[in-house]
Structures are given as structure tokens and as C-alpha cells.
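Everything below concerns the one structure shown next.
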Amino acid sequence: MECVNHSNAEAQDRCTGCAEPFCHECLVEVVGEKYCGSCKVLAVKAKPVLETGMEPCDEANQALILALVSATVGLCLCIGVFLGPITIVRGAQAWKRISEEPRLLGAGKATAAIIIGVVIFGLACIQLIAAAAHRGN
Ligand SMILES: [Zn+2]
Ligand SMILES: [Zn+2]
């Protein structure tokens with residue numbers, strides 16, 4: 001088996017991309033796999049997302065779901081005074097984890113959860129104050 005580029009050189013291995021035999025000099029290792037010069041360019045372009053291992057942050061998802069649940073339930077039942085702060089805390093936890101681990105995605109969701117939590121808490125407080133004032137009259 002001869003190298004595709006060097007007819008006098010013994011091929012060391014096949015390229016992961018095109019499966020052609022190449023010699024030791026032509027093969028480049030990318031993320032543990034061997035590629036020839038032209039496939040390397042494609043491999044490097046295609047791999048970064050996989051290699052950096054970006055993954056969504058579970059806390060951020062949970063915080064956002066909690067925020068949406070709170071927004072639906074909390075506003076009509078005044079339990080937003082409890083759900084609001086829980087949402088804010090959950091969002092803050094998610095935000096902290098994401099800032100510690102840059103490969104986690106979901107900072108936007110965490111921020112949205114915190115904002116929704118603050119809004120729910122504020123609105124629930126206004127509702128409670130209004131209800132108390134009403135009762136006072
Ligand atoms: Zn190749
Ligand atoms: Zn070669």
C-alpha cells in the first residue's frame with residue numbers, strides 16, 4: 001500500500017475522511033483520528049462544536065420552566081410571592097453554574113428566568129398589597 005501523495009512511500013494508515021492510504025508525513029491527527037491534508041481542513045471545521053462539548057445547562061432549563069409555571073399559576077393565585085423568589089434563586093444557580101463552566105449553554109434562559117421571577121414577585125406583592133388595602137377599606 002503506497003501513499004497517495006508519495007508513490008515511493010509506504011502508507012501508514014488510511015485517512016478517516018476519504019479512506020485513501022497515506023504515509024506518516026501526510027497524515028495529521030485531529031481529535032484522535034487520522035486525516036490527510038485536504039480532509040483535515042474539513043475535519044477541523046466540522047469538529048469544534050463536538051470537541052468543545054457544548055451542552056445545555058439543566059438548571060437553566062428547569063429555571064425557565066419554573067418561571068413559565070410561576071407566570072401562569074403565580075399571577076392568579078398570589079403564590080407568586082413564593083414562586084417568584086424560588087424562580088429567581090433557581091435562575092441565579094443556573095447562571096452561576098454557566099459562568100463557572102463556559103461550555104454550558106443557557107445563560108439567556110437563566111437570565112430570562114430571573115427577570116420573570118422578579119416580575120412575578122413584584123406583581124404578586126402588588127396584588128397582595130392591593131388586596132390588603134381593599135380589605136382595610
Ligand atoms: Zn482524506
Ligand atoms: Zn505521503
Side-chain angles (χ1 to χ4, degrees):
M1 198 161 67
E2 277 178 348
C3 170
V4 173
N5 294 337
H6 309 91
S7 51
N8 54 350
E10 179 72 8
Q12 186 212 23
D13 213 338
R14 285 178 185 273
C15 164
T16 311
C18 57
E20 296 288 349
F22 288 96
C23 75
H24 157 80
E25 267 176 68
C26 297
L27 288 167
V28 186
E29 205 164 298
V30 181
V31 209
E33 313 239 50
K34 293 194 176 80
Y35 291 93
C36 69
S38 45
C39 292
K40 181 197 75 180
V41 183
L42 296 172
V44 169
K45 269 188 201 159
K47 289 277 181 178
V49 181
L50 281 175
E51 199 185 355
T52 49
M54 293 299 282
E55 56 180 74
C57 175
D58 283 345
E59 273 99 335
N61 288 336
Q62 285 165 13
L64 192 62
I65 290 167
L66 193 64
L68 295 176
V69 170
S70 309
T72 345
V73 187
L75 286 183
C76 18
L77 299 173
C78 279
I79 52 170
V81 269
F82 305 109
L83 287 178
I86 294 170
T87 307
I88 297 165
V89 169
R90 211 79 182 93
Q93 282 172 344
W95 220 86
K96 191 167 165 283
R97 255 204 85 188
I98 292 163
S99 59
E100 280 167 1
E101 290 182 56
R103 69 195 181 83
L104 288 176
L105 301 165
K109 283 179 192 167
T111 311
I114 294 170
I115 293 168
I116 294 169
V118 170
V119 170
I120 290 166
F121 183 64
L123 288 176
C125 284
I126 291 166
Q127 273 187 325
L128 280 182
I129 291 164
H134 200 72
R135 229 173 280 145
N137 290 340

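Remember, it's 1-based here, ligands and their atoms both numbered in the order they're listed. Start at 1 with the first residue, then count along the sequence.
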Before moving on, can you tell me the angle at the Zn ion (ligand 2) between the SG atom of Cys3 and the SG atom of Cys26, to the nearest 10 degrees?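 Output for this angle: 110°, rounded to tens.
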Atom of His6 closest to the Zn ion (ligand 2), considering N, O or S atoms: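 For His6, the N/O/S atom sitting closest to the Zn ion (ligand 2) is ND1.
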Is it the case that the side chain of Ser70 and the backbone of Gly80 share a donor-acceptor pair, with hydrogens and angles ignored and the cut-off at 3.5 Å? no
Apex the Zn ion (ligand 1); atoms Cys36 SG and Cys15 SG; angle rounded to 10 degrees: 110°
Between Arg90 and Glu59, does at least one N-O distance fall below 4.0 Å, as a salt bridge requires? no
Does some side-chain heavy atom of Val81 sit less than 4.5 Å from a side-chain heavy atom of Phe121? yes
Under 6.0 Å from the CD atom of Glu25, do we count more than 12 heavy atoms belonging to anything else shown?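 Result for CD/Glu25: open.
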Examine all N, O or S atoms of Cys23, backbone included, and report whether one is under 2.8 Å from the Zn ion (ligand 2). yes
